[in-house]
Amino acid sequence: MKKPASGGGWRAILYSLKKAREVGGFWKLWTAMRSKNACKTCALGMGGQQGGMVNEAGSFPEVCKKSLQAMAADMQGAVRDDFWSTYSLAQLQKFTPRELEHCGRLTEPVVVEPGSQYYRPITWDDALGRITKKLRELEASQSFWYFSGRSSTEAGFLLQLLARLYGTNNVNNCSFYCHQASGVGLQSSVGTGTATIEFEDVEHADMVMLIGGNPASNHPRLMSTLMGIRNRGGEVIVVNPVRELGLVNFRVPSNTWSMLFGTKIASLYCQPHIGGDLALISGIAKRVVELGGEDREYLKKYTTGHEAWLASLEQMSWAEITEKSGTTREEIDDIARRYIKAKKVVFGWTMGITHHVNGVKNVQAIANLAMLRGMVGRPGAGLMPIRGHSNVQAMGSVGVTPKLKDAIFERLEKEYSVKLPTSPGLDTLGCMEGAMDGSLKFGLCLGGNLYGSNPDATFAGKSLAQLDMLVYLSTTLNTGHAHGIAKETIILPVLARDEEPQATTQESMFNYIRLSDGGPRRHEGPRSEVEVIARIGEGALPKAPLDWQSMTSTGKIRQAIAKVVPGFEQIATIDKTKKEFAVAGRVLHEPKFPTKDGKGVIHTHELPPLLGTGNQLRLMTVRSEGQFNTVVYETEDLYRGQERRDVILMHPDDLAARGLKHDQLVSVTSETGRMENLLARSYSDIRAGNALVYYPEANVLVPRSADPESKTPAFKNVLVVVEPMPAKLPVVSKKRAVAGAT
Ligand SMILES: Nc1nc2c(c(=O)[nH]1)N[C@H]1C(S)=C(S)[C@@H](COP(=O)(O)OP(=O)(O)OC[C@H]3O[C@@H](n4cnc5c(=O)[nH]c(N)nc54)[C@H](O)[C@@H]3O)O[C@H]1N2
Ligand SMILES: Nc1nc2c(c(=O)[nH]1)N[C@H]1C(S)=C(S)[C@@H](COP(=O)(O)OP(=O)(O)OC[C@H]3O[C@@H](n4cnc5c(=O)[nH]c(N)nc54)[C@H](O)[C@@H]3O)O[C@H]1N2
Ligand SMILES: [Mo]
């Protein structure tokens with residue numbers, strides 16, 4: 001399959017029309033997309049009271065394929081009546097993620113009992129009765145509670161409160177596999193764990209440094225902003241081991257000129273090795289200082305730790321920097337000079353920075369580089385972790401973390417006159433290990449795909465199988481429902497946010513709280529997330545100092561959030577005022593940091609070694625253009641020119657060095673697992689020494705080693721050996737080719 005000449009463009013628009021046909025007409029999809037609900041996909045923040053397809057600067061129409069796909073999936077018909085008796089677990093395990101998603105909307109609770117191979121429908125009373133009975137039998141410390149970032153803020157808050165009142169801090173969200181390193185890194189550097197800027201700031205920047213992300217695929221609405229910067233004569237510097245087509249040239253659908261001729265996005269494209277970022281960023285900082293471009297006054301007045309850091313940069317040799325980053329002194333000099341010239345610089349990053357064993361250090365290094373020139377604490381400049389799920393940031397804000405922020409903890413205890421647990425709670429990987437060693441017996445997942453998102457897929461399946469009970473609150477089926485099976489597994493069908501009978505709220509990556517009006521239900525059967533949680537609370541903790549019935553009202557829950565979460569006061573009346581707002585105290589337009597002494601903290605690091613010896617390659621596991629996390633909508637990856645997913649993309653030199661030909665069948669082996677019959681493909685856009693495969697299939701290869709500070713696995717830096725498959729082996733069918741998947 002040939003790569004198109006640019007990302008975006010007509011294909012994106014034609015795709016909208018195709019999806020419209022699938023759901024029964026353009027008007028139907030248009031109305032759904034324009035309803036006053038926050039967009040369901042990434043956290044850039046669209047929709048809410050401005051209506052769908054409008055960004056925080058009011059620009060319209062901002063179209064994104066993934067939001068159409070997510071909407072179309074929610075608009076599909078119900079799972080057929082005979083579905084559960086037709087397909088056994090073994091058969092469901094053979095379904096692809098796409099097939100599972102397209103089985104239809106879940107509308108009735110189902111259970112797989114010990115010894116059974118089939119899910120079977122049960123009544124809501126039966127399902128809730130089983131769950132609450134189990135919870136009453138167990139110790140609180142034997143339970144864990146996993147949250148994805150698709151649910152409402154209200155559901156997130158209520159469920160974490162339920163878990164704490166039950167008596168455990170084993171509360172965590174998908175962020176441990178995502179942006180946790182950003183939260184921890186930013187908190188330790190600038191005193192707040194989220195973006196220091198608002199959407200408008202990026203619109204006024206004259207330079208964006210985009211490190212380790214592929215927004216053309218994953219945050220397409222950011223592309224018009226990047227285009228705007230280029231059109232105003234600003235710089236977009238991309239740091240990525242892969243030359244991603246959409247970051248080179250993109251046709252922005254909301255702009256006629258760009259649609260016709262395409263827009264050059266990157267003004268400079270730097271391709272370090274996987275894991276070379278810390279060395280590269282330190283090198284840029286060293287060069288800025290050599291050229292006298294640092295802001296000494298800012299460093300002295302507003303930061304601590306800069307002396308030690310500057311001294312360490314001086315000590316660092318250029319040989320070490322270039323070797324460990326895989327870049328040249330000339331490139332580093334070029335970036336440093338452009339940085340010195342720029343007046344307002346925004347640093348944006350995603351998983352290429354966080355999915356490493358030194359993810360937190362990577363984020364701290366970015367903060368250092370920004371503070372070096374006083375780029376944190378002024379309008380138009382700052383730090384921008386580009387978040388994943390549409391409401392993942394709210395989960396962190398309202399307490400879906402093992403440790404509650406002190407203020408929330410104290411206010412909760414006071415508000416409900418209770419003593420909350422103080423024992424340390426487990427992170428997500430910790431919960432998986434707890435399930436494996438038998439210390440955990442019960443898990444509840446509010447959305448997401450805990451199995452599919454885990455490193456070491458074989459381990460993940462085995463560990464979840466040890467649990468007595470696993471409960472999923474879901475809208476559609478995913479691989480977790482087939483492979484993440486405990487002794488007893490229950491799926492409870494819930495409403496999507498645009499079907500909720502009451503308003504809910506979401507928080508964008510720019511700390512902006514959006515109000516979703518909800519809307520008419522599409523199916524009889526699914527229930528509101530908050531209603532399900534309140535019923536579980538009522539049954540499991542009837543004596544809790546909480547009126548569970550009143551907690552079925554999202555408005556009442558918002559009043560509770562307003563009382564206990566600092567910065568969220570305005571949420572109490574948002575459904576009446578319709579006034580969406582930015583969480584107070586997070587955007588830094590002045591260099592006053594919410595740290596203990598009000599100063600930014602500069603951290604000093606040693607450069608990690610460049611991994612890989614002998615014939616090993618560094619392997620990244622990434623998303624294709626046709627998927628949203630573990631849900632694969634389309635097999636093809638348009639922008640990388642791949643028509644299938646069972647491939648490993650390698651530099652032509654790396655193929656040659658192993659005597660491999662383009663499209664030859666290979667095995668890929670890591671310390672954790674092995675995939676067979678992948679097609680080795682020649683891909684000159686990747687930096688030699690590094691390779692690329694698709695997540696989630698590749699999770700059989702990813703070890704469980706994680707960043708000690710953020711507990712985030714190194715999904716982007718897996719050491720592998722690629723070898724030809726023995727010639728005489730019968731060629732397996734395409735569907736079976738992805739070992740470990742399906
Ligand atoms: N369409 C779509 N949109 C999505 C999602 C989706 O699955 N599909 N998922 C959502 C979620 S939850 C998230 S977290 C985001 C993810 O958004 P991204 O982080 O953009 O997604 P990834 O595919 O993980 O790719 C990361 C990029 O990092 C680069 N990279 C890999 N290793 C390194 C490295 O060591 N250094 C550097 N500098 N770069 C590296 C890869 O080449 C790739 O371009 O997107 C969100 N939006
Ligand atoms: N190898 C590798 N592994 C990775 C990554 C990687 O890059 N490489 N990325 C990691 C990242 S960044 C993330 S965020 C995780 C993703 O981790 P998760 O968030 O756990 O997984 P998703 O695939 O996003 O979950 C999708 C499911 O959510 C459910 N859902 C959708 N809408 C709703 C709703 O409104 N309410 C409820 N209750 N449920 C709903 C549907 O059942 C759907 O199947 O994976 C991580 N794992
Ligand atoms: Mo994510």
Side-chain angles (χ1 to χ4, degrees), residues 40-44 64-67 69-70 73-74 97 100-101 106 146-152 155 173-179 210-220 238-244 247 270-277 280 349-356 362 386-392 428 445-455 457 472-481 491-492 494-499 529 618 620-631 633 686 690 692-699 701-702 712-713 715-718:
K40 293 172 181 174
T41 44
C42 79
L44 209 61
C64 150
K65 243 172 107 169
K66 239 53 56 181
S67 51
Q69 287 165 337
D74 283 347
L100 286 163
E101 165 102 352
L106 297 165
Y146 173 76
F147 301 54
S148 178
R150 274 282 274 269
S151 303
S152 66
N173 70 66
C174 57
S175 151
F176 275 106
Y177 291 165
C178 186
H179 261 297
L210 184 67
I211 315 173
N214 184 19
S217 264
N218 300 322
H219 301 88
V238 177
V239 175
N240 195 318
V242 177
R243 219 175 141 77
E244 303 280 19
L247 301 183
C270 172
Q271 287 183 269
H273 283 306
I274 290 176
D277 301 274
L280 172 66
W349 67 91
T350 62
M351 300 300 106
I353 282 298
T354 61
H355 281 169
H356 291 282
N362 281 345
I386 308 171
R387 299 268 165 191
H389 273 295
S390 54
N391 199 31
V392 65
T428 308
C445 300
L446 179 60
N449 182 353
L450 179 57
Y451 163 81
S453 60
N454 251 273
Y472 293 108
L473 273 64
S474 310
T475 50
T476 47
L477 284 179
N478 60 44
T479 53
H481 303 115
I491 312 177
L492 302 175
V494 292
L495 296 167
R497 74 174 60 128
D498 57 344
E499 304 162 349
E529 290 173 343
R618 288 168 293 274
M620 60 167 81
T621 61
V622 297
R623 294 155 172 77
S624 80
E625 198 264 343
Q627 74 187 85
F628 195 91
N629 293 345
T630 67
V631 183
Y633 293 100
I686 192 165
N690 308 279
L692 178 158
V693 287
Y694 293 116
Y695 140 73
E697 293 89 332
N699 267 332
L701 298 174
V702 181
T712 302
F715 290 118
K716 297 285 185 274
N717 202 352
V718 182

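FYI, side chains are in, hydrogens and waters are out, and symmetry mates aren't considered; it's all heavy atoms of this structure. In each ligand, atom 1 is the first atom listed, and ligand 1 is the first ligand listed. The shown structure was predicted, so the numbers you read here are calculated from the model rather than taken from an experiment.
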For residues Ser390 and Arg497, is any side-chain donor paired with an opposing acceptor at under 3.5 Å? yes
Looking only at heavy atoms, is any part of Glu625 under 4.0 Å from ligand 1, and if so is it the side chain, the backbone, or both, or is it neither? neither
To the nearest 0.5 angstrom, please state how far the CG atom of Asn214 sits from the OG1 atom of Thr350. 8.0 Å
Say you draw a straight line from OG of Ser624 to OH of Tyr633; how long is it, rounded to the nearest 0.5 Å? 11.5 Å
Taking only non-hydrogen atoms of His219 and a 4.0 Å limit, the atoms of ligand 1 in range are 15 (C), 17 (O), 45 (O), 46 (C)
Parallel, tilted or perpendicular: which describes the rings of Tyr472 and His481, with under 30° parallel and over 60° perpendicular? perpendicular
Would you say His356 contacts ligand 1, with heavy atoms under 4.0 Å as the rule? yes
Which of the numbered atoms in ligand 1 are under 4.0 angstrom from any heavy atom belonging to Glu244? 42 (O), 43 (C), 44 (O)
If the cut-off is 4.0 Å to any non-hydrogen atom of Val242, which atoms of ligand 1 fall inside it? 42 (O)
Could you tell me which atoms of ligand 1, counted from 1 in the order shown, lie closer than 4.0 angstrom to a heavy atom of Asn240? 29 (C), 41 (C), 42 (O), 43 (C), 44 (O)
Using the six-membered ring wherever Trp is involved, compare the ring planes of Phe715 and Tyr695 and label them parallel, tilted or perpendicular (cut-offs 30° and 60°). tilted
Ligand 2: protein N/O within less than 3.5 Å of ligand N/O:
| residue | atom | partner | partner atom | Å |
| --- | --- | --- | --- | --- |
| ligand 2 | 1 (N) | Thr621 | OG1 | 2.9 |
| ligand 2 | 1 (N) | Asn699 | OD1 | 2.6 |
| ligand 2 | 3 (N) | Asn699 | ND2 | 3.3 |
| ligand 2 | 7 (O) | Arg623 | NH1 | 3.1 |
| ligand 2 | 7 (O) | Lys716 | NZ | 3.0 |
| ligand 2 | 8 (N) | Thr621 | OG1 | 3.0 |
| ligand 2 | 9 (N) | Arg623 | NH2 | 3.2 |
| ligand 2 | 19 (O) | Ser148 | OG | 2.8 |
| ligand 2 | 19 (O) | His389 | NE2 | 2.8 |
| ligand 2 | 20 (O) | Tyr146 | OH | 2.7 |
| ligand 2 | 20 (O) | Asn449 | N | 2.8 |
| ligand 2 | 21 (O) | Asn449 | N | 3.3 |
| ligand 2 | 23 (O) | Thr630 | N | 3.0 |
| ligand 2 | 23 (O) | Thr630 | OG1 | 2.6 |
| ligand 2 | 24 (O) | His389 | NE2 | 2.8 |
| ligand 2 | 24 (O) | Asn629 | ND2 | 3.0 |
| ligand 2 | 28 (O) | Gly448 | N | 3.1 |
| ligand 2 | 30 (N) | Thr475 | OG1 | 3.4 |
| ligand 2 | 32 (N) | Arg150 | NE | 3.1 |
| ligand 2 | 32 (N) | Arg150 | NH2 | 3.2 |
| ligand 2 | 36 (N) | Glu529 | OE2 | 2.7 |
| ligand 2 | 38 (N) | Leu473 | O | 3.0 |
| ligand 2 | 38 (N) | Glu529 | OE2 | 2.9 |
| ligand 2 | 42 (O) | Thr476 | O | 2.9 |
| ligand 2 | 44 (O) | Asn478 | ND2 | 2.8 |
| ligand 2 | 45 (O) | Tyr695 | OH | 2.8 |
| ligand 2 | 47 (N) | Ser453 | O | 2.8 |

Can you find a heavy atom in the side chain of Leu210 that is under 4.5 Å from one in the side chain of Leu247? yes
Near Gly275, which atoms of ligand 1 are under 4.0 Å from a heavy atom of that residue? 34 (C), 35 (O)
As an exercise, state the distance from OG1 of Thr479 to CD of Glu697, rounded to the nearest 0.5 Å. 9.0 Å
Check: Tyr451/Asn478 side-chain N/O donor and acceptor closer than 3.5 Å: no
Nearest 0.5 Å, please: how far is OH in Tyr146 from CG in Asn449? 7.5 Å
